[in-house]
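Contents: one structure, followed by commentary.
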Amino acid sequence: MSDIPRITIDQCGSHAGETVEIAGWLYNLRKSGKIIFPLIRDGRGIIQCVGLKNSLPEDLFNALKDLTQESSVIVRGKIRAEQRAPGGYELDLESAEIVQRVPESHPYPITPKDHGIEFLMDHRHLWLRSRRQHAILRVRHEIIKAIRDYFDSNGFTLVDTPIFTPAACEGTTTLFEVNYFDEEKVYLTQSGQLYNEATALAFGKTYCFGPTFRAEKSKTRRHLTEFWMVEPEMAYATLEDVKNVAEGLICFVVQRVLENRKNDLTDLERDTGKLESIKPPFPRISYDQAVEILHRKGSQIEWGGDFGGTDETLLSEEFDRPVMVDRYPSQVKAFYFQPDPDRPEVALGVDVLASEGYGEIVGGGQRIHDLALLEKRLEEHNLPREAFDWYLDLRRFGSVPHAGFGMGVERCVAWLCGIEHIRETIAFPRMLYRTRP
RNA sequence: UCCUCAGUAGCUCAAUGGUAGAGCAUUCGGCUGUUAACCGAAGGGUUGUAGGUUCGAGUCCUACCUGAGGAGCCA
């Protein structure tokens, strides 16, 4: 080991004029006879190095001159501000150590040229090394951290819910079945919400944050079979509370991303002006008003039906920030939604549709707190009562009005990054016809 | 499950029913400021699979496989 300090590329600005060591991989190499320009990436950034034939040992110069893409290499040299270099800083090579050389007989498959989506998805484990994927996944990290910070500093306790569950929360058709020691069937969770109601009545305000599984045979840019969802739940709370918390959360997350990940948004060519306008209050409309707007815009939707993807896009086009749509017909909502006391045919539920046509990112509402009504709904939905006995207990012992929602992380990432397809918002996406790598 | 589109070199794509091509990548050579560097040369193919039409099929027809986009459903 040398006594030269090792830095990461994002720290170059504060080390100008110093001799440092950077451990990374060869991103690209440009050469011109007696001068070489290796571009090194280290996961934090990319820096151009400069090597001159007459100032480096001959064998090192030759080894670097013929180095292959994505070979791992540790470089040492002096950092210098340089207008001509991409990134603004350059490293004058003094020495280097090649850790592993990618053989030219089997070169790195992802070249700096265009590739098709199938090829890139097959090489997802390597595709993650590209700049665009770095930017997206850093924004994802920021979003997740912001979500946690928001709830942690607003009186919520993180209480995670199980992934193996014995029964469905919503419909049974979208559950992945798991063979549990050959003894019983369990399912991968499609929502932590039923358990959240138990933890909220125990802790007041809780949230769970984890992967969720839906066996929907959906093959669109908005769907994954495994996705991450954060679900807050609050005791002594109503539909209005859900709307306010969802609005506060979304604004907080957007603000954080704008503050801390501006460079990544720039790399992704995101129009940040559209994100700057995401401030409270969000427009709040009823399902009835939404249907009116859709009819005016030519949709064929009939009252009582759920919105399709095109309907959501049409609606979100009307506003410059997310729009909240509440009081959907009870028939399109899950069994546990509290009916509106003034209009029992609609549910006290709300969906938040992201702007720019990114679709539903939040869904939630007020839950039924009355035992008799909940029992009736279970019956109407043909759900096995014994599986929900513990859930009914929550209405027997200190039942209170309570409410919560779920927010899909990947749709948020896609929206804030302004990218077309949700598959790039998670390191290893699971989709209808893709479970590898 | 349904609808639409696409499979040609390692990658991205061309090729009127008539000799299967280019750029990048790889190899060799050249170049002291390159910016997806550039210049010259070389190697690289059972055109997704199986049938069919035709003197002749990458191209037309049928079936299947694989992938992509969308619908329904959803965050």
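Just so it is clear: chains get the letters A, B, ... in the order the sequence lines come, proteins before strands, and each one is counted from 1.
Nucleic acid contact for Pro109(A): none, since no nucleic acid atom lies under 4.0 Å from a heavy atom of the residue. Nucleic acid contact for Leu52(A): base, since at least one base atom lies under 4.0 Å from a heavy atom of the residue. Across all strands, Val362(A) comes closer than 4.0 Å only to sugar-phosphate atoms, never to a base (heavy-atom distances). Contact annotation for Asp351(A): no contact, since no heavy-atom pair falls under 4.0 Å across all strands. Residue contacts for His223(A): at a heavy-atom cut-off of 4.0 Å it reaches a base atom on one of the strands shown. At a threshold of 4.0 angstrom between heavy atoms, the contacts of Gln83(A) with the nucleic acid are absent.
Rounded to whole Å, atom P of rC73(B) lies 13 Å from atom CZ of Arg411(A). Going from atom CD of Glu104(A) over to atom P of rG44(B) covers 19 Å, rounded to whole Å. One interatomic measurement links the two molecules: CD of Gln48(A) to C1' of rA36(B), which rounds to 13 Å at whole-angstrom precision. With rounding to whole Å, Ile110(A) atom CD1 is found 12 Å from rC11(B) atom P. Remark: P of rU34(B) and CG of Leu26(A) are 19 Å apart, rounded to the nearest angstrom. If you take CE of Met431(A) and P of rC73(B), they are 22 Å apart, rounded to a whole angstrom. In this entry the distance linking NE2 of His106(A) with C1' of rA25(B) reads 13 Å, nearest Å. Note: CG (Asp311(A)) to C1' (rC74(B)) measures 14 Å, nearest angstrom.
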Next item on the list: Could you give me the CA-CA distance, side-chain angles and deciding distance for Ile74(A) and Ile22(A), then say whether side chain to side chain contact (heavy atoms under 4.5 Å, CB included) is met?
Entry: CA-CA 6 Å; Ile74(A) 297 171; Ile22(A) 291 172; over 6 Å; no
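Annotation: side chain of Ile163(A) is in contact with side chain of Pro211(A) (closest heavy-atom distance under 4.5 Å). You'll find the side chain of Ser71(A) stays beyond 4.5 Å of the side chain of Val73(A), heavy atoms only. Side-chain contact check for Gln69(A) versus Pro112(A): some heavy-atom pair is nearer than 4.5 Å.
Distance from the side chain of Pro107(A) is smallest for rA25(B) among the nucleotides rA25(B), rA75(B), rU1(B). For Pro112(A), the listed nucleotide lying nearest its side chain is rA36(B); candidates were rU32(B), rA75(B), rA36(B). Taking every side-chain heavy atom of Arg30(A) into account, rA36(B) is the closest of rA71(B), rA36(B), rU12(B). Proximity note for Arg434(A) (side chain, C-beta onward) versus rG67(B), rG33(B), rG72(B): the nearest is rG67(B). Minimum atom distance to the side chain of Leu224(A) is reached by rA75(B), of the listed rC73(B), rA75(B), rU32(B). Picking from rU1(B), rG33(B), rA75(B) the nucleotide with the shortest atom distance to the side chain of Met229(A) gives rA75(B). The Lys219(A) side chain lies nearest to rA68(B) when the options are rC11(B), rA68(B), rU34(B). Side-chain atoms of Asp114(A) lie closest to rA36(B) of the nucleotides rA71(B), rU34(B), rA36(B). For Thr111(A), taking side-chain heavy atoms from C-beta onward, the closest of the listed nucleotides rU12(B), rC24(B), rG33(B) is rC24(B). The listed nucleotides are rU12(B), rA25(B), rG33(B); the one nearest the side chain of Phe119(A) is rU12(B).
As rounded to the nearest Å, rU59(B) and rA20(B) have C1' atoms that lie 12 Å from one another. For rU26(B) and rU66(B), the C1' atoms lie 28 Å apart once the distance is rounded to whole Å. Across rA68(B) and rG33(B), the matching P atoms stand 46 Å from one another, rounded to whole Å. rC65(B) and rG43(B) have their P atoms separated by 40 Å, with the value rounded to a whole Å. Taking atom P in both rA50(B) and rU8(B), the straight-line distance is 16 Å, to the nearest Å. Comparing rC3(B) with rG72(B), their C1' atoms are spaced 11 Å from each other, to the whole Å. One C1' atom belongs to rA9(B), the other to rG69(B), and the distance between them is 27 Å to the nearest Å. A gap of 14 Å separates the C1' atoms of rA6(B) and rG58(B), to the nearest Å.
Side-chain atoms of Ser218(A) and base atoms of rG72(B) include a donor and an acceptor less than 3.5 Å apart. Residue Glu90(A) places a side-chain atom within donor-acceptor reach of the base of rG33(B), judged by atom type and a 3.5 Å distance cut-off alone.
Applying the 4.0 Å criterion to OP1 and OP2 of rU34(B), one finds that Lys31(A) has every side-chain N and O outside that range. Between Lys113(A) and rC24(B), a side-chain N or O to OP1/OP2 separation shorter than 4.0 Å is absent. For Arg423(A), a side-chain nitrogen or oxygen approaches OP1 or OP2 of rG69(B) to under 4.0 Å. The side chain of His421(A) places an N or O atom within less than 4.0 Å of a non-bridging phosphate oxygen (OP1 or OP2) of rG69(B).
Where stacking is scored as ring centres under 5.5 Å apart with planes under 30°, Tyr433(A) does not register as stacked on the base of rG67(B).
Each of Thr425(A), Asp264(A), Ile419(A) was compared with Val139(A) under the side-chain contact (heavy atoms from CB on, under 4.5 Å) criterion, and only Asp264(A) meets it.
Aromatic ring orientation, Phe156(A) versus Tyr207(A): perpendicular (interplanar angle above 60°, classes split at 30° and 60°). Ring geometry for Tyr391(A) against Phe388(A) counts as perpendicular: the plane angle is over 60°, on a 0 to 90° scale with 30° as the lower cut. The aromatic rings of Phe213(A) and Phe176(A) sit perpendicular to each other, their planes meeting at more than 60°, with 30° as the lower class boundary.
For the pair Tyr108(A) and Gly308(A), both in contact range of RNA chain B, the more 5′-proximal nearest nucleotide belongs to Tyr108(A). Between Asp92(A) and Asp306(A), it is Asp92(A) whose nearest contact on RNA chain B lies nearer the 5' terminus.
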Notebook entry, point to check: In dot-bracket notation, what is the pairing pattern of RNA chain B, taking Watson-Crick (N1-N3 plus N6-O4 or O6-N4) and G-U wobble (N1-O2 and O6-N3) contacts under 3.5 Å, with [ ] crossing and | for other strands?
Noted result: (((((((..((((....[..)))).(((((.......))))).....(((((..]....))))))))))))....
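Checked for salt-bridge contact, Arg327(A) and Asp340(A) meet the test: a charged N lies under 4.0 Å from a carboxylate O.
For the salt bridge (charged side-chain N to carboxylate O under 4.0 Å, His left out) condition, the pairs that include at least one residue of residues 346-356 of chain A, sequence neighbours left out, are Arg270(A)-Glu356(A), Lys333(A)-Asp351(A).
Looking at residues two or more places apart in sequence or on another chain, you find a salt bridge (Lys or Arg N to Asp or Glu O under 4.0 Å) between Arg434(A) and Asp122(A).
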